[in-house]
Amino acid sequence: MAENVILERRGRIALATINRPEKLNALNIQTRAELVDCFNELRDDADIRVVVITGAGGKAFVAGADINEFAGRTAIEQRSVMRAKSIFTAAEDFPKPLIAMINGFCLGGGCELALACDIRIASERSRFGQPEINLGIIPGGGGTQRLTRLVGEGKAMQMILSGAMIDAAEAYRIGLVNDVYPAEELEAKTMELASLIAEKSPVALAMAKTAVKNAARMNLREGLDAEIDLFALCFSSEDKEEGVRAFLEKRKPDFKGR
Ligand code: COA
């Protein structure tokens with residue numbers, strides 16, 4: 001039974017809530033393991049097409065790795081923790097769209113988790129940062145790579161070297177988050193976007209996610225070639241026939257994920 005991650009199914013959308021509000025949803029080993037289990041469970045669930053990740057309590061998305069677990073931990077132990085249960089790689093490799101619904105502090109590993117998601121929607125009261133430097137360490141969940149790719153080297157350097165937080169407006173300005181809404185609208189607006197995406201072909205969504213992720217993994221020529229292959233692969237799906245037929249028949253498509 002998961003304790004720290006609450007999984008709720010709302011039609012085609014799954015809502016995974018990190019639930020340690022008394023610790024601002026800090027990611028301890030158990031929470032990381034539960035998140036990875038959650039990804040594993042949802043990966044093969046044909047009914048779920050989009051996953052939204054959020055934090056409980058209204059004060060934080062995730063305030064980072066659980067700092068209590070750092071005390072006394074050796075380099076070998078830390079490397080093993082990061083590699084064995086990498087929620088960041090699990091999120092990046094997850095074949096369905098992942099939306100981070102950010103409702104407060106989004107720091108350290110929390111910011112890195114949001115960065116590993118595909119889309120970030122934040123409330124106006126969210127705050128973002130990579131404060132690891134204040135502890136004498138650096139980001140280890142992809143922050144130096146994904147943040148840099150998303151906002152550019154200058155802004156990434158500033159956040160990582162200073163450890164200072166930025167507010168939601170600044171996060172929006174530098175492209176760290178896709179949209180910002182008043183806190184009371186955050187869930188409705190995020191679910192609206194999730195519902196729009198959930199109507200699409202799951203086959204095409206998976207292809208699109210892989211093709212876009214390739215942009216950071218491949219050079220332009222390789223990425224363009226891979227895009228053609230993924231595009232062509234869509235033509236083997238029933239969903240492509242349904243999508244084209246529905247357009248020609250002037251009706252909404254009913255995608256089955258086949
Ligand atoms: N790890 C472990 N516990 C954490 C935590 C973390 N990353 N972030 C917050 N908590 C705990 C606090 O220790 C506190 O627990 P306590 O009530 O048992 O003392 C509780 O969550 C509430 O946090 P608190 O610091 O009292 O709230 P605040 O509103 O005064 O400050 C923050 C909020 C986010 C500014 C502050 O908690 C903070 O700086 N957290 C650490 C952020 C960080 O460095 N993350 C990167 C880790 S690599």
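As the structure is a computational prediction, the values presented were derived from the model and not from experiment. Index from 1, following the sequence. Whatever order the structure lists them in is the order used to number ligands and atoms, beginning at 1. The basis for the numbers below is simple: all heavy atoms, side chains too, and nothing from hydrogens, waters or symmetry mates.
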**Message:** Strictly below 4.0 Å, N to O, side chains only: are R149 and E92 in salt-bridge contact?
**Reply:** no
**Prompt:** Could D47 and R9 be called an ion pair, given the rule that one side-chain N must be under 4.0 Å from one carboxylate O?
**Reply:** no
**Request:** Could you tell me whether R43 atom CZ has more than 12 heavy atoms of other residues or ligands within 6.0 Å of it?
**Result:** yes
**Asked** Considering residues at least two apart in sequence or located in another chain, which fulfil the salt bridge (charged side-chain N to carboxylate O under 4.0 Å, His left out) criterion with K252?
**Response** E199
**Prompt:** Within a reach of under 6.0 Å around CD of E184, are more than 12 heavy atoms found that belong to other residues, nucleotides or ligands?
**Reply:** yes
**Request:** Report all protein residues having a heavy-atom distance below 4.0 Å to some atom of ligand 1; order the list by chain, then number.
**Result:** E22, K23, L24, A26, K59, A63, A65, D66, I67, N68, F70, F105, L107, P131, E132, L135, M165
**Asked** How about F70: does its CZ atom have over 12 heavy atoms from other parts shown lying under 6.0 Å from it?
**Response** yes
